[in-house]
Amino acid sequence: MARLPRSGPYICGIDAGLDVVSGKWKGLILWELDAHQVLRFSELRRGLPGVSEKMLTQHLREMEADGLVHRKVYAEVPPRVEYSLTEHGHTLNRALGPLGAWGIERIRREGSEVVDVAETSARRPSPQAAE
């Protein structure tokens with residue numbers, strides 16, 4: 001079933017903001033795209049251990065509809081699709097910075113385990129290396 005566009009009514013700004021970033025993977029998609037500027041679908045998926053193809057596709061479509069992600073399709077065979085953040089996506093990522101700092105402090109305080117995605121990211125070439 002397709003979701004209706006998110007357009008309120010909202011109780012407050014936090015309600016409106018959380019409506020756009022709801023979903024386990026959206027914050028991490030923002031983080032990956034901010035860190036790497038431009039990624040193909042398979043690169044994004046490798047950078048998000050545990051995300052299914054279906055869920056990544058769904059979140060990317062919602063984020064594109066919300067104006068957070070730009071999807072560029074190249075007329076090639078096979079087709080090449082690249083994802084990047086829009087300026088609106090960059091502003092949301094900056095707004096989530098304090099939440100990330102709070103989360104890091106929580107991880108430290110609680111002694112929680114952190115998944116090391118550095119190995120995955122290290123195997124992936126940077127966008128600048130492809131030029």
Let me see the working for Ile29 and Tyr83 under side chain to side chain contact (heavy atoms under 4.5 Å, CB included), right down to the final yes or no.
-> CA-CA 10 Å; Ile29 292 168; Tyr83 295 91; over 6 Å; no

Only counting residues at least two apart or in another chain, list the ones meeting salt bridge (Lys or Arg N to Asp or Glu O under 4.0 Å) with Glu76.
-> Arg80

Note: Val38 and Glu43 closest approach over all heavy atoms is O-OE1, 4.4 Å

Mind checking side-chain contact (heavy atoms from CB on, under 4.5 Å) for Ile107 and listing every partner two or more places apart, or none if nothing turns up?
-> Ser112, Val114

Working to the nearest 0.5 Å, report the span between CE of Met55 and CG of Leu60.
-> 11.5 Å

Is it true that Trp31 and Ile104 fall in one hydrophobic cluster, defined by side-chain heavy atoms closer than 4.5 Å?
-> no

Chi angles and distances behind the side chain to side chain contact (heavy atoms under 4.5 Å, CB included) call for Glu62, His59 = CA-CA 5 Å; Glu62 289 175 6; His59 282 331; 3.9 Å; yes

Quick one: are Leu28 and Trp25 in side-chain contact, heavy atoms under 4.5 Å?
-> yes

Under the side chain to side chain donor-acceptor pair (under 3.5 Å) test, residues paired with Glu105 that sit two or more places apart | Arg108

Who passes side chain to side chain donor-acceptor pair (under 3.5 Å) against His88, sequence neighbours left out?
-> none

For Arg106, what residues pass the side-chain contact (heavy atoms from CB on, under 4.5 Å) criterion, not counting sequence neighbours?
-> Trp102, Arg109, Glu110

Here the pair of heavy atoms bringing His90 nearest to Asp34 is ND1-OD1, 3.2 Å

Do you know which two heavy atoms are closest between Thr86 and Val69, and how far apart they sit?
-> CG2-C, 3.8 Å

For Lys54, the side-chain contact (heavy atoms from CB on, under 4.5 Å) test, sequence neighbours excluded, returns Ser52

Does a donor on one side chain sit under 3.5 Å from an acceptor on the other, for Glu82 and Tyr74?
-> yes

In chain order, what residues pass the side chain to side chain donor-acceptor pair (under 3.5 Å) check against Glu87, with sequence neighbours excluded?
-> Arg94

How many angstroms lie between atom CG of Leu85 and atom CD of Glu32, to the nearest 0.5 angstrom?
-> 10.5 Å

Taking only residues two or more places apart in sequence or in another chain, which ones pass side-chain contact (heavy atoms from CB on, under 4.5 Å) with Leu96?
-> Val21, Leu30, Leu92, Leu99

Under a 4.5 Å cut-off applied to non-hydrogen side-chain atoms, are Phe41 and Val81 in contact?
-> no

So which heavy atom on Val51 is nearest to which on Arg45, and how close?
-> O-NE, 3.4 Å

Test side chain to side chain donor-acceptor pair (under 3.5 Å) applied to Asp15 - qualifying residues, sequence neighbours left out | none

